[in-house]
Amino acid sequence: MDRNQIESRLALPWEPKAVRRRKYILLLEGLTVSFDGFKALNNLDLALMEGELRCVIGPNGAGKTTMMDVITGHTRPDTGEAWYMDSINLLEKDEVFINLAGIGRKFQKPSVFESITVYENLLLALKARKSVFSTLTAKLSMPDRDFIEETLALIHLQSLKSKQAGALSHGQKQWLEIGLLLVQQPKILLLDEPVAGLTAGEIDRTAELLLSLEGRHSLIVVEHDMTFVRSVARKVTVLHQGAVLAEGDMETVSCHPEVIEAYLGGAEC
Ligand SMILES: Nc1ncnc2c1ncn2[C@@H]1O[C@H](COP(=O)(O)OP(=O)(O)OP(=O)(O)O)[C@@H](O)[C@H]1O
Ligand SMILES: [Mg+2]
């Protein structure tokens, strides 16, 4: 690939590949995924800075979930590259490795253990992580109990910690699931439609929660709810037909003629 192609694709000044990899916690380049000849991803690029909160939007079938499938090792692309923390080639790693290496993913449907309490759910997730790392990085920087309490406060479930998880509202279960990821101390959090089915109040609290994670974690948030996206948007990537259609702040992407045509319809501009 020549210099002009790279510049036009990444919308960044040209630089040697090694420099580019060092700059981003996650770098996807030229990913293509085909299902029976249909390209779910078509030469997709995405570069995520450490601590960044990135929103990814786009119409149904644009390839948003498929992109997460590739990052997490669930789907192998036909072509392209995916680098994590400079030197980890995600395309050579399996799902378990990628998760343990610090990429946590939340699916749309919450999957918490319903029959145990909120606190026990968090404790279990923490212990699971520690048991895997017992010989490597077993020591947490603070006692487990404090760490769980801190996480409970972040996810607004402190007062419900003794409640059975099955009795939580849909929104509270979503927050608990984010908490289960957080106690595993991920570097990158991938959240696929985190506010689907939530009430307006719950959506606001989720926005607050995600903003509080910015800087400590790198986040990719896929969402269709534009009110929510506007409330957390920093840099926004618009996917369409498996590729990046536009990237920039909310105002820039919502007024982009092709984004208006493909997805937003102009009302946001
Ligand atoms: N395992 C699969 N087999 C065949 N086609 C698939 C598979 N997974 C995804 N696709 C197709 O790839 C395209 C992209 O799907 P994907 O789920 O990534 O879209 P999305 O942007 O997440 O959409 P939505 O907003 O509806 O969740 C769709 O046309 C989908 O039908
Ligand atoms: Mg999807």
Side-chain angles (χ1 to χ4, degrees), residues 9 26-48 53-82 84 90-91 93-95 98-99 103-111 170-171 173-174 177-178 181 186 188-198 202-203 206-207 210 218-233 235-248 250 253-254 256 258-268:
R9 282 200 8 222
L26 180 73
L27 182 64
L28 311 179
E29 287 195 348
L31 290 179
T32 297
V33 170
S34 304
F35 295 112
D36 300 323
F38 169 78
K39 288 185 176 169
L41 295 184
N42 188 4
N43 211 11
L44 174 78
D45 299 317
L46 189 125
L48 184 73
L53 191 171
R54 176 74 58 89
C55 290
V56 176
I57 62 174
N60 297 117
K64 305 178 297 294
T65 299
T66 305
M67 177 186 76
M68 291 189 171
D69 288 341
V70 172
I71 297 169
T72 54
H74 183 70
T75 297
R76 294 289 182 215
D78 308 326
T79 58
E81 297 185 35
Y84 168 55
L90 292 174
L91 305 187
K93 307 295 180 193
D94 63 28
E95 284 184 86
I98 292 171
N99 179 252
I103 300 185
R105 178 182 194 176
K106 191 192 149 337
F107 293 88
Q108 190 175 328
K109 195 173 171 295
S111 58
H170 176 64
K173 281 183 193 167
Q174 296 278 22
E177 198 175 4
I178 293 174
L181 292 175
I188 298 181
L189 272 163
L190 306 174
L191 306 172
D192 204 352
E193 305 195 28
V195 302
L198 267 59
E202 288 173 337
I203 291 174
T206 307
L210 298 192
S218 311
L219 294 107
I220 296 182
V221 183
V222 165
E223 208 17 274
H224 285 290
D225 184 318
M226 282 306 132
T227 310
F228 168 79
V229 171
R230 219 174 300 112
S231 69
V232 296
K235 193 176 192 178
V236 179
T237 300
V238 187
L239 293 198
H240 180 49
Q241 296 178 344
V244 175
L245 186 61
E247 204 163 74
M250 195 63 199
V253 299
S254 18
H256 190 291
E258 288 177 74
V259 176
I260 291 173
E261 195 185 328
Y263 188 46
L264 293 179
E268 309 280 328

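Just so you know, residue 1 is the first one in the sequence shown, and it goes up from there. In listed order, ligands and their atoms are each counted from 1.
- Remark: Glu177 engages Lys106 in a salt bridge (charged side-chain N to carboxylate O under 4.0 Å, His left out) (not counting sequence neighbours).
- From the protein, the heavy atom lying nearest to atom 1 (N) of ligand 1 is Phe35 CE2, 3.6 Å.
- With Ala40, Gly61, Ser34 as candidates, the residue nearest to atom 23 (O) of ligand 1 on a non-hydrogen basis is Gly61.
- Looking at ligand 1, you won't find any N or O of Gly58 less than 3.5 Å from one of its N or O atoms.
- Ranking the protein heavy atoms by distance from atom 18 (O) of ligand 1 puts Thr66 OG1, 2.5 Å first.
- Contact atoms of ligand 1 toward Phe38: 12 (O), 13 (C), 29 (O) (distance under 4.0 Å to a heavy atom of the residue).
- For the residue pair Thr32 and Asn43, the shortest heavy atom distance occurs at OG1-N, 3.0 Å.
- For ligand 1 and Gly63, the ligand atoms under 4.0 Å from any heavy atom of the residue are 14 (C), 18 (O), 19 (O), 20 (P), 21 (O).
- Few gaps surround CD on Glu95; more than 12 heavy atoms of other groups in view lie less than 6.0 Å from it.
- If you check which protein heavy atom lies closest to atom 17 (O) of ligand 1, you get Thr65 CB, 3.7 Å.
- In this structure, the side chain of Asp45 engages the main chain of Gly30 through a donor-acceptor pair within 3.5 Å.
- For the pair Met67 and ligand 1, no heavy-atom separation below 4.0 Å is found.
- Not a single protein heavy atom sits closer than 4.0 Å to atom 30 (C) of ligand 1.
- For ligand 1 and Ala62, the ligand atoms under 4.0 Å from any heavy atom of the residue are 19 (O), 20 (P), 21 (O).
- Contact atoms of ligand 1 toward Asn60: 23 (O), 24 (P), 25 (O), 26 (O) (distance under 4.0 Å to a heavy atom of the residue).
- Proximity of a side-chain donor or acceptor of Glu258 to a complementary backbone N or O of Ala246 within less than 3.5 Å is not detected.
- Of the protein's non-hydrogen atoms, Glu193 OE2, 3.5 Å is the one closest to atom 27 (O) of ligand 1.
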